[in-house]
Amino acid sequence: MRRKKKRKVVLSSVLIVIFGLVVLAFIVGLYLFKIRNMNVIGNRTVPKEEIIELSGVHIGDNYLLLNEQRMKEQLEKNRYLEYITSQFDYSGTLTIRLNERHGMGILQRNGYHYVIDDRGMVLENTGMAYPENIHCPIVNGLNLPDSAMILAGEIVGVKDREQLVALSKVLRALEATNMMGRTASVEISNLENIYIMTTERARVVLGEAENLRLKLIVAREILHQRQDQENLTGASIDISNGREAHYIPAVLPTPTATPSPTPTIEPTPKPR
């Protein structure tokens with residue numbers, strides 16, 4: 001009997017200790033993983049306060065109880081925000097990392113204007129009004145199904161996904177070389193002969209979507225050199241081979257006529 005009683009006492013003591021450790025761990029967890037501060041990395045135009053409010057997370061919440069998938073869904077209700085990850089450090093700071101999408105191209109379809117990012121996601125439908133506050137090129141030549149609907153928050157549906165891949169490369173290269181604001185349109189219908197039209201209405205032939213940054217840097221320098229010398233409207237720069245640029249002015253110079261002596265025709269001798 002005494003042994004059984006002693007075992008019960010020991011078991012009760014062990015359970016009490018375990019329960020105490022669990023409670024202690026819970027209290028420590030509440031303290032150590034309490035969110036005391038919030039930070040945002042990756043935003044450019046959307047204010048930090050707006051992003052924090054949209055996330056649904058508040059100061060005082062516990063990081064261990066945070067539903068990351070729900071936070072992602074809350075943040076991406078704003079189509080200009082793309083959630084990447086979150087981090088929590090020893091000081092109690094929750095850092096939200098995201099990518100802020102921005103308009104890099106304009107699609108025109110059935111009289112409507114759609115603002116897209118560099119991956120083809122539709123950010124805005126501005127209706128029949130051209131989006132004057134967005135300085136990016138019109139995208140021509142995307143092969144869209146006749147029945148395709150263009151919806152905000154979704155990737156543009158195309159018949160050939162390679163077109164979107166090439167378009168993404170072109171738009172990113174334009175931004176990286178500071179040529180975005182100087183580009184009026186991008187023609188993507190032929191992936192072997194991609195070209196852009198500048199705001200001066202000069203045509204820059206890029207060829208395939210390879211080595212685009214180098215091609216655009218070369219084209220940019222040629223445009224810079226020529227813009228003070230002549231009207232660039234109608235001119236063409238072919239940098240498709242990625243090594244040499246060929247500049248063709250809008251009006252080819254007229255060759256100067258060189259006077260030539262008039263040949264003397266000898267009289268035909270009379271027959272004897």
Side-chain angles (χ1 to χ4, degrees), residues 8-105 114-126 131 133-136 149-157 161 164-165 167-169 171-176 178 180 213:
K8 289 182 179 180
V9 171
V10 172
L11 181 61
S12 298
S13 299
V14 171
L15 291 175
I16 291 172
V17 170
I18 292 174
F19 178 75
L21 290 174
V22 170
V23 172
L24 180 62
F26 179 74
I27 294 173
V28 171
L30 287 178
Y31 177 79
L32 292 179
F33 292 94
K34 182 179 180 180
I35 298 174
R36 298 177 176 83
N37 187 31
M38 294 183 68
N39 192 24
V40 177
I41 296 176
N43 60 315
R44 290 187 289 182
T45 58
V46 182
K48 168 185 172 182
E49 294 73 20
E50 182 178 331
I51 293 172
I52 291 175
E53 182 177 356
L54 190 61
S55 72
V57 182
H58 303 91
I59 300 297
D61 289 351
N62 191 280
Y63 179 69
L64 295 177
L65 303 178
L66 181 66
N67 187 327
E68 188 173 12
Q69 179 60 32
R70 178 173 174 77
M71 180 172 66
K72 177 180 185 299
E73 293 172 355
Q74 288 291 110
L75 288 169
E76 293 186 352
K77 285 182 178 179
N78 183 331
R79 293 187 294 274
Y80 285 84
L81 300 179
E82 178 187 17
Y83 175 79
I84 298 176
T85 187
S86 63
Q87 295 175 325
F88 184 79
D89 63 25
Y90 66 91
S91 68
T93 299
L94 175 68
T95 300
I96 299 174
R97 294 180 178 273
L98 48 79
N99 173 51
E100 186 174 329
R101 301 183 178 99
H102 60 286
M104 295 182 70
Y114 303 90
V115 180
I116 63 172
D117 71 357
D118 59 330
R119 288 184 293 181
M121 173 177 278
V122 181
L123 301 177
E124 296 289 342
N125 176 357
T126 62
N133 59 326
I134 299 177
H135 304 291
C136 55
M149 296 185 65
I150 302 178
L151 302 174
E154 296 186 6
I155 300 292
V156 177
R161 295 288 299 180
L164 283 185
V165 173
L167 177 62
S168 175
K169 292 180 179 179
L171 294 178
R172 291 176 184 177
L174 287 172
E175 184 176 46
N178 295 321
M180 181 68 72
R213 293 193 182 188

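- Among residues two or more places apart in sequence or in another chain, the side-chain contact (heavy atoms from CB on, under 4.5 Å) test is passed with His135 by none.
- By the ring pair (Phe, Tyr, Trp, His ring centres under 6.0 Å) test, Tyr63 pairs with Phe88, sequence neighbours left out.
- Contacts of Asp118 classified as side chain to side chain donor-acceptor pair (under 3.5 Å), with partners at least two apart in sequence or in another chain: Arg172.
- By the side chain to side chain donor-acceptor pair (under 3.5 Å) test, Ser55 pairs with no residue at all, sequence neighbours left out.
- In terms of heavy atoms, Arg36 sits closest to Ser91 at CD-O, 4.0 Å.
- Of all the heavy atoms in Leu164 and Gly120, the pair that sits closest is CD2-CA, 4.4 Å.
- Residues meeting the side-chain contact (heavy atoms from CB on, under 4.5 Å) test with Asn39, sequence neighbours left out: Ile41, Lys48, Thr93, Thr95.
- Here ring pair (Phe, Tyr, Trp, His ring centres under 6.0 Å) pairs that include residues 35-58, with residues two or more places apart or in two chains, number zero.
- In this structure, the side chain to side chain donor-acceptor pair (under 3.5 Å) partners of Glu73, at least two apart in sequence or on a different chain, are Gln69.
- Atom CG in Asp61 sits 8.0 Å away from atom CG in Leu66 (nearest 0.5 Å).
- Here the closest heavy-atom approach between residue Gly153 and residue Met121 is recorded as O-CE, 3.6 Å.
- For the ring pair (Phe, Tyr, Trp, His ring centres under 6.0 Å) condition, no pair includes a residue of residues 64-83, sequence neighbours left out.
- Separating the CE atom in Met38 from the CD1 atom in Ile52 is a distance of 5.0 Å, to the nearest 0.5 Å.
- For Glu49, the side-chain contact (heavy atoms from CB on, under 4.5 Å) test picks out Pro47, with sequence neighbours left out.
- Residues Ile134 and Gly103 share a closest heavy-atom pair of CG2-O, 4.2 Å.
- The shortest non-hydrogen separation linking Leu151 to Val122 is O-CB, 3.4 Å.
- The salt bridge (charged side-chain N to carboxylate O under 4.0 Å, His left out) contacts involving residues 76-105 comprise Lys72-Glu76, Arg79-Glu124, Glu82-Arg119, Arg101-Asp117, where partners must be two or more places apart or lie in separate chains.
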task: Would you check, one step at a time, whether the test side-chain contact (heavy atoms from CB on, under 4.5 Å) holds for Ser86 with Leu94?
output: CA-CA 7 Å; Ser86 63; Leu94 175 68; 4.0 Å; yes
- request: Kindly determine whether Leu75 and Ile96 satisfy side-chain contact (heavy atoms from CB on, under 4.5 Å), including the steps that lead there.
  value: CA-CA 10 Å; Leu75 288 169; Ile96 299 174; 3.9 Å; yes
field: Stepwise side-chain contact (heavy atoms from CB on, under 4.5 Å) test for Asn78 and Glu50
entry: CA-CA 10 Å; Asn78 183 331; Glu50 182 178 331; 4.0 Å; yes
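- Taking the side chain as every heavy atom from C-beta outward, Leu54 and Val46 never approach each other to under 4.5 Å.
- Distance check, rounded to the nearest 0.5 Å: CE of Met71 to CD of Glu68 gives 5.5 Å.
- Separating the CG atom in Asn67 from the CD atom in Gln74 is a distance of 10.0 Å, to the nearest 0.5 Å.
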